Amino acid sequence: MARYIFVTGGVVSSLGKGLSSASLAYLLQSRGYRVRIRKLDPYLNVDPGTMSPFQHGEVYVTDDGAETDLDLGHYERFSGISAKKSDNITTGKIYSDVIKRERQGKYLGKTVQVIPHITNRIKEFIKSDITKEDFVICEIGGTVGDIESLPFLEAIRQFSNDIGRKKTLFMHLTLVPYMKASDEIKTKPTQHSVKELRSIGIQPDIIICRSERSIPLDQRKKISLFCNVAIEDVIETVDVKTIYEAPISFNKEKLDERVLKYFNIKSKKKVDLEPWKKITNLVLKTKDKVNIAVIGKYVELKDAYKSLDEALTHGGIANNLKVNLVRLESDYLKPSEINNKLSDVSGILIPGGFGKRGTEGKISAINFARKHKIPFLGICFGMQMAIIEFARNELKIKNATSSEFGSSKASVVGLMNEWLKDGKLVKGTDQNLGGTMRLGSYEARLKKDTKISNIYKSLRIKERHRHRYEVNINFKKDFENKGMIFSGLSPDNRLPETIELKDHPWFIGVQFHPEFKSRPLEPHPLFSSFIKAAKNKSIK
Ligand code: GLN
């Protein structure tokens, strides 16, 4: 039977619960165990799909088409395990599920309540779809003390009673601040946060203390005493220079050892930290860099393009280069300034996006990349914008646009309501905006002897999608006559999946999101190739 590790956070948010969970997953895996990581989010949205990136950062898409929290991206990148729909649940999902059952009369006349009905449903979700895993790491979003997270905390408390305390471990991540004025490390916030947790019946087994500097023994003892945990289970995590160092640092602090000790089991294998040491070394020591412009609407927010930033870094790792991101807000990118703003970059990337705002800046930048033969990668919306640019300037369709921006006679990108998935027609005609896009992994067939098929070294690929609009296949011939090839199509030949320019060193657009599948230990070929092209450009 699986053992469950519940990860809660205290004092403040953004302490790195996701990264801690992901690192622990790697360490346990490396010791020979099967691990699954899940995230329980206390907000009322059914999923983050309808949230603005300003609210929630990136929406991470899984193979099976779930729109999930960006922490699932961390999990995948560190553990290498593909996340599933069942790995992310929200209060919204739980409540809508319970209310649906109530309407169906499934509660047999009972008054439906938070305890036990909501908590029972949460417990069912925690256990669902678990088969051979040795460990399930469950991260609870938010901070202890939030009203929203109470049902989740109550559910995990009950859960540990149900399956037995020996099969559950509570891990609490807190902040241990350093006060410059008095030159002191303060343990009080941790004490308060643990007190809060204990007041709802949860006694943490391991406390991870996030701190700017190393925590002296005296302070550790204090935390141990006041929070009722063994001194060995007060584990510090001092800020690392790169996130790739996290598994190394947690191992050094014996986190994985303490977890195994708690469950009274032995390591099956010796931990392999070599890949992370190599990457950390590379990332910290590499001096050569390449400037890549990322032009989007949410560039000011660090987390909005999390997987993309990571994938570009991985591309740099593959080429022994530091990738310097030049983030440009598309809304402020005036055509007259393009020359100036892009003169120093060796590659231009337009990521996914929604809505008309900022599109003209993107289109001008694409024109610049095309004309000046600068390596260009257009992802999803970026590919659609590349199509519009080419249609306007090469096919001379003056008003070429996307029907996403309003109805038009010149929609080279339009709404496509049906997609074939595993031989079946998927309809996206729902009026709702949530969960109704073409989501998840779909196959694309690549044309032989094209740049993209050489990069993938394959003619059949599977990548993750998240879009509602499609490039209109009826224009295929017109584009190809002018030198833009539709180098990848859906298996039924109806949906353009990839485009490239014949007469350009590296100009590729993809309707899918390759960034979701790139991993530090396995950089995605498209990003490695893009960065390589940018490197060649910067040398010239
Ligand atoms: N807005 C576009 C669409 O829905 C592109 C989406 C995206 O870039 N993820 O098709």
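Atoms considered below: every heavy atom in the structure, side chains included; atoms not considered: hydrogens, waters and symmetry mates. As the structure lists them, so they are numbered: ligands from 1, and atoms in each ligand from 1. All of these numbers come straight from a predicted model, not from anything done at the bench.
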**Study point:** Which residues share a salt bridge (Lys or Arg N to Asp or Glu O under 4.0 Å) with Glu522, sequence neighbours left out
**Key:** none

Point to revise | Steps toward side-chain contact (heavy atoms from CB on, under 4.5 Å) verdict (Phe135, Ile37) | key: CA-CA 8 Å; Phe135 291 101; Ile37 327 180; over 6 Å; no

Point to revise | salt bridge (charged side-chain N to carboxylate O under 4.0 Å, His left out) partners of residues 393-407, not counting sequence neighbours, each pair once | key: Arg370-Glu394

Review point. Looking at Thr286, Asn291, Asp309, Val290, which hits side chain to side chain contact (heavy atoms under 4.5 Å, CB included) with Val323?
Key: Val290

List of N/O pairs, ligand 1 versus protein, all under 3.5 Å?
| from | atom 1 | to | atom 2 | distance (Å) |
| --- | --- | --- | --- | --- |
| ligand 1 | 1 (N) | Gly353 | O | 2.9 |
| ligand 1 | 1 (N) | Glu404 | OE1 | 2.8 |
| ligand 1 | 1 (N) | Glu404 | OE2 | 3.0 |
| ligand 1 | 4 (O) | Arg468 | N | 2.9 |
| ligand 1 | 8 (O) | Gly353 | N | 2.9 |
| ligand 1 | 8 (O) | Gly353 | O | 3.4 |
| ligand 1 | 8 (O) | Phe381 | N | 3.1 |
| ligand 1 | 9 (N) | Arg466 | O | 2.8 |
| ligand 1 | 9 (N) | His513 | NE2 | 3.2 |
| ligand 1 | 10 (O) | Gln384 | NE2 | 3.2 |
| ligand 1 | 10 (O) | Arg468 | N | 3.1 |
| ligand 1 | 10 (O) | Tyr469 | N | 2.8 |
| ligand 1 | 10 (O) | Tyr469 | O | 3.4 |

Check your understanding: Got a sec, which residues hit salt bridge (Lys or Arg N to Asp or Glu O under 4.0 Å) with Arg38, two or more places apart in sequence or on another chain?
Key -> Asp87

Review point. Taking the six-membered ring for Trp, are the ring centroids of Phe354 and His467 within less than 6.0 Å of each other?
Key: no

